[in-house]
Amino acid sequence: MPDGTTALNVDYDGLIPNNVNLNADMRVRKALETWHPGYIDWWRDMGPEGFQESLVYLRTAIGVDPKGWAKFDYVRMPEYKWGVLLAPAVEGRTIPFGKHKGEPVWQEIPGEYRAMLRRLITIQGDTEPASVEQQRHLGKTAPSLYDMRNLFQVNVEEGRHLWAMVYLLQKFFGKEGREEADDLLRRRSGNEDSPRMLGAFNEATPDWLSFFMFTYFTDRDGKMQLEALAQSGFDPLSRTCRFMLTEEAHHMFVGDSGVSRVVERTCQAMKQAGITDPTDIAAVRALGVIDLPTIQKKMNLHFSLTLDLFGNEISTNAANAFTSGIKGRYREEKLDDDHALVDATYPVQRLRDGAVVAEDVPALSALNMRLRDDYVGDCASGVTRWNRVIEKAGFGFRLALPHVAFNRGIGEFKAVHAGVDGRILGDAKWAAIKGDHLPDDADAEFITSLMVPESRPGHFAGWIAPPRVGIDNKPGEFEYVQIHE
Ligand code: BYC
């Protein structure tokens with residue numbers, strides 16, 4: 001392979017599968033090979049608990065061609081082929097936005113943007129192992145082998161996304177990059193002394209409904225941030241993120257279809273039992289399914305935690321990253337403006353005299369808000385699909401995204417309490433209604449009581465409907481995980 005940088009196929013000869021011609025890059029290859037044992041140790045310590053010797057029916061990337069990049073086979077997770085994969089280079093690509101708009105993209109990092117890029121790549125890298133840590137106990141309570149396999153697929157691919165960021169750190173940031181790469185294996189989700197960098201990645205993912213909500217809502221933040229970084233003028237980052245996005249789609253499918261299957265099963269059980277009021281929580285729970293109001297509460301929690309990942313509504317960091325050509329907007333190429341935003345404004349929801357009002361601010365400083373708005377729009381489509389399932393079953397209940405001011409820990413609304421409708425509430429009122437909108441201990445206890453593993457091929461726990469089609473078109477009875485413990 002004369003130049004691995006445009007290759008569609010992956011070189012599997014060495015220890016680290018890659019399409020970046022690592023064979024010709026001794027320095028980076030050595031750095032990655034030195035990092036590799038620490039990664040495997042981390043995976044064994046902090047990856048899925050149990051199941052490390054199980055054979056899991058996983059897809060592994062064998063190329064980066066959008067039409068056919070994955071191969072399915074049984075793999076033991078510690079032997080998964082993690083590697084470095086970049087989407088093909090686009091010939092003649094130019095920087096699509098900011099003050100360098102129209103200039104050829106960079107293959108090396110301009111000195112003045114080094115610190116900014118290092119921070120963004122490190123933050124992105126930090127979320128990947130964090131999510132694996134958050135989900136490490138879930139294999140033990142999987143509602144089916146199908147779901148267990150999906151969990152492990154998500155986990156190994158988040159591991160690969162860590163590799164993707166570590167490659168960039170080690171190739172372009174020298175000693176500092178190697179130190180950041182080591183720190184990515186040192187921090188731990190939820191650890192008091194050495195937590196992960198962003199709030200939502202230190203929260204627990206205690207049950208499978210949380211997992212589905214996380215993959216729907218939080219992986220979707222991943223999609224939005226990767227889309228914004230895929231616009232980058234720093235071409236290796238853009239190409240890395242473009243390939244990560246192809247993997248990310250499956251993660252959001254797992255969340256979208258997972259929540260949908262939970263809603264479907266609940267509606268089915270209510271119908272069979274002749275329940276007409278979905279808010280009769282005790283009656284619904286007695287059927288061994290998760291009532292719709294509790295699903296709504298879980299949604300409120302994961303949506304609001306994920307909104308915090310967009311940072312402050314008004315951000316100089318975001319303005320600088322855009323002006324420098326480092327981080328763009330969602331679908332930048334489809335936007336019809338000057339892509340520099342020097343004189344533009346954007347409406348931001350702000351707190352004024354105890355109420356939420358829209359206020360026009362310079363568009364450059366409102367880029368986090370804009371990406372968050374695009375995210376909220378993207379989230380709404382799944383909610384519509386879930387509501388269709390409820391409607392089809394004949395129930396009047398509807399799920400809805402809470403207002404963006406609800407339950408916030410970062411940004412404009414962090415200092416106030418707001419209801420799901422966005423009305424600002426006093427402390428007493430908030431204390432009185434909080435349990436109606438966020439899961440409490442009793443909800444957690446009930447959901448935990450349902451988390452009983454089901455590991456017979458083709459069988460599903462009673463609280464979730466089977467999927468419509470199998471992975472890789474496998475039949476219902478397919479043994480997605482050969483457990484062998
Ligand atoms: N928690 O100017 P601001 C994914 C800090 S998910 C803690 O608003 P900026 C995935 C901020 O760091 C996508 N701290 O910040 C999903 C800053 O601190 P310093 C991950 C926070 O830079 C599922 C200060 O507040 N990728 O891939 O405009 C499974 C001022 O804030 C938080 C990225 O996020 C927070 N939530 O925006 C697996 C992309 N928010 O530096 C994977 C890379 C803000 O002043 N990151 N702060 O001490 C970024 O683009 C930006 O850094 C952020 C923050 C959007 C995160």
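One-based numbering, in listed order, for ligands and for the atoms of each.
- Under a 4.0 angstrom heavy-atom cut-off, His161 registers as lying outside contact with ligand 1.
- When only interatomic distances are considered, the shortest N/O to N/O separation between Arg119 and ligand 1 falls below 3.5 Å.
- Inside a 4.0 Å radius of atom 2 (O) of ligand 1 there is at least one protein heavy atom.
- Where the criterion is an N or O separation shorter than 3.5 Å, residue side chain and backbone included, Asn317 meets it with respect to ligand 1.
- When side chains are defined from C-beta on, Trp208 does not count as touching Val262, because their heavy atoms never get closer than 4.5 Å.
- Closest heavy-atom approach to atom 13 (C) of ligand 1 among the candidates Thr218, Asp221, Leu229: Asp221.
- Not a single heavy atom of Met224 lies less than 4.0 angstrom from ligand 1.
- Every heavy atom of Lys223 sits 4.0 Å or more from the atoms of ligand 1.
- The side chain to side chain donor-acceptor pair (under 3.5 Å) test with Glu247 singles out one residue from Gln153, Arg160, Arg59, and that residue is Arg160.
- At a threshold of 4.5 Å between non-hydrogen side-chain atoms, the residues Leu364 and Thr323 count as touching.
- Ser144 and Asp147 form a side-chain donor-acceptor contact under 3.5 Å, judged by distance and modelled atom types alone.
- The protein does not reach atom 5 (C) of ligand 1 closely, with no heavy atom under 4.0 angstrom from it.
- Taking distance alone, with nitrogen or oxygen atoms compared against 3.5 Å, Gly199 approaches ligand 1 more closely than that limit.
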